[in-house]
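Encoded as C-alpha cells, the structure appears first; notes follow it.
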Amino acid sequence: MEIGVIGCGKMGTALITGAIRSGAIEASKVHGYDPYPAAADSFREATGASTVAELDSLANCDTYLLCTKPQQAAEALGALPANQSSLVISIAAGLSIDWLQKHSPSDSRIIRCMPNTPALVGEGAAAFALGQSATTADAETAKTLLGSVGIALEVPEIQLDAVTGLSGSGPAFVFMIIEALADGGVRAGLPRAQALELAAQTVRGAATMVSETGMHPGALKDQVASPGGTTIAGISALEAAGLRSALIEAVAAATRRSIELGHG
Ligand SMILES: NC(=O)c1ccc[n+]([C@@H]2O[C@H](COP(=O)([O-])OP(=O)(O)OC[C@H]3O[C@@H](n4cnc5c(N)ncnc54)[C@H](OP(=O)(O)O)[C@@H]3O)[C@@H](O)[C@H]2O)c1
C-alpha cells in the first residue's frame with residue numbers, strides 16, 4: 001500500500017504519526033502533499049515520511065487520505081489522476097460519500113470518516129462509513145489508520161451526524177465539565193492548578209473504568225454512592241440541575257446542526 005496524504009495539517013500529521021508509531025504502516029510508504037511548505041516540513045519532521053512538491057507526484061499511490069479543510073477538498077480531489085482506481089479516505093467534516101464520489105476520479109472507492117481532536121494525543125474516538133464500492137479490505141485499512149490514534153468503529157453513513165454530535169463535538173462538552181469540576185474545587189478551597197489536575201484525572205480515571213470494567217456507568221455510580229454520604233449529596237445536586245438532560249440535549253443539538261450543515 002502506497003499512501004498519499006493530501007493536506008499535512010494537524011489531523012493528517014497526527015494520523016500518520018500514530019499509524020507509523022504503531023507499526024501499522026511504514027514511513028517509506030507514505031507521501032504527503034501540502035501547498036503550504038511549512039506544513040509539509042513539519043509533517044516530514046513528525047512522521048519521517050516524505051513529501052512531494054506537486055499533487056501530481058502522488059499518482060503512484062493506491063490509497064489517499066484526504067485531510068484538507070472541507071472547502072479545500074474539491075480542488076485537491078480534482079487534481080488526482082483521473083483514470084485511477086484507488087481508495088479515498090476522507091476525514092473532511094460534513095462531506096458526504098456522494099459528494100466525495102462525484103469529486104474523486106471515477107473508479108475511486110470512498111470511505112468517509114469522522115475523527116475527533118483527542119486523536120492528536122492518541123486517544124481519538126472515530127467512526128467511518130463505506131461507500132458502495134469500498135471493500136472489506138478497505139474497511140480494515142481505515143480501521144487500522146484511525147485505530148492507531150484511538151478507537152474506530154464502522155457505522156452506516158446516516159449515523160455519522162450522530163457520531164459528529166457525540167464524539168466529534170463531545171470533547172468540547174467534556175472540557176466544559178472538567179473546567180466546571182475544577183471551579184467547584186476552587187470554590188471548595190483548592191488552589192486552581194491542583195483543582196484542574198484532579199478534575200482532569202478524575203474524568204480520565206472514570207472513563208478508563210467504564211471502558212476497562214465493561215460495567216454499566218450507572219452501576220459504577222451506585223458503587224461509590226454510600227447511604228447518606230458525600231457522593232449521593234452531589235448526585236442529588238446534579239439531578240436537580242438537570243445534568244443528564246443537558247448532556248442528552250447537547251448531543252441532540254450538535255447532531256441536528258451537523259444535519260443542517262450537511263444539507264447546506
Ligand atoms: N481537527 C480536528 O479535530 C478534526 C476533527 C474531525 C474532523 N476534522 C477534519 O479534518 C480535516 C483537517 O483538519 P485539520 O485540523 O488537520 O486542518 P489543518 O491543520 O488546517 O490542515 C489542513 C491542511 O490542508 C492543506 N491544504 C489546503 N488546500 C490543499 C490542497 N488543495 N491540497 C492539499 N492540501 C491542502 C492546508 O494548507 P493551508 O494551511 O495552506 O490552507 C493545511 O495544511 C478538516 O476537514 C476537518 O473538518 C478535524
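Each ligand, and each atom within it, is numbered from 1 in the order the structure gives.
- Panel note: side chain Asn116, backbone Ala125; a donor-acceptor pair is recorded below 3.5 Å.
- The pair Glu260-Arg257 counts as a salt bridge, with a side-chain nitrogen and a carboxylate oxygen less than 4.0 angstrom apart.
- At a threshold of 4.0 Å, the pair Asp183-Arg192 counts as salt-bridged, since one of the basic side-chain nitrogens sits closer than that to a carboxylate oxygen.
- Thr164 places a side-chain N or O within donor-acceptor distance of the main-chain N or O of Leu160, the cut-off being under 3.5 Å.
- By the 4.0 Å N-to-carboxylate-O rule, Glu157 lies close enough to Arg112 to be salt-bridged with it.
- When heavy-atom distances to ligand 1 are checked against 4.0 Å, the residues falling inside are Ile6, Gly7, Gly9, Lys10, Met11, Tyr33, Asp34, Pro35, Tyr36, Ala39, Cys67, Thr68, Lys69, Pro70, Gln72, Ala76, Ile91, Ala92, Ala93, Met114, Pro115, Asn116, Thr117, ordered by chain and number.
- Considering all non-hydrogen atoms of both residues, Thr135 and Leu130 come closest at O-CD1, 4.2 Å.
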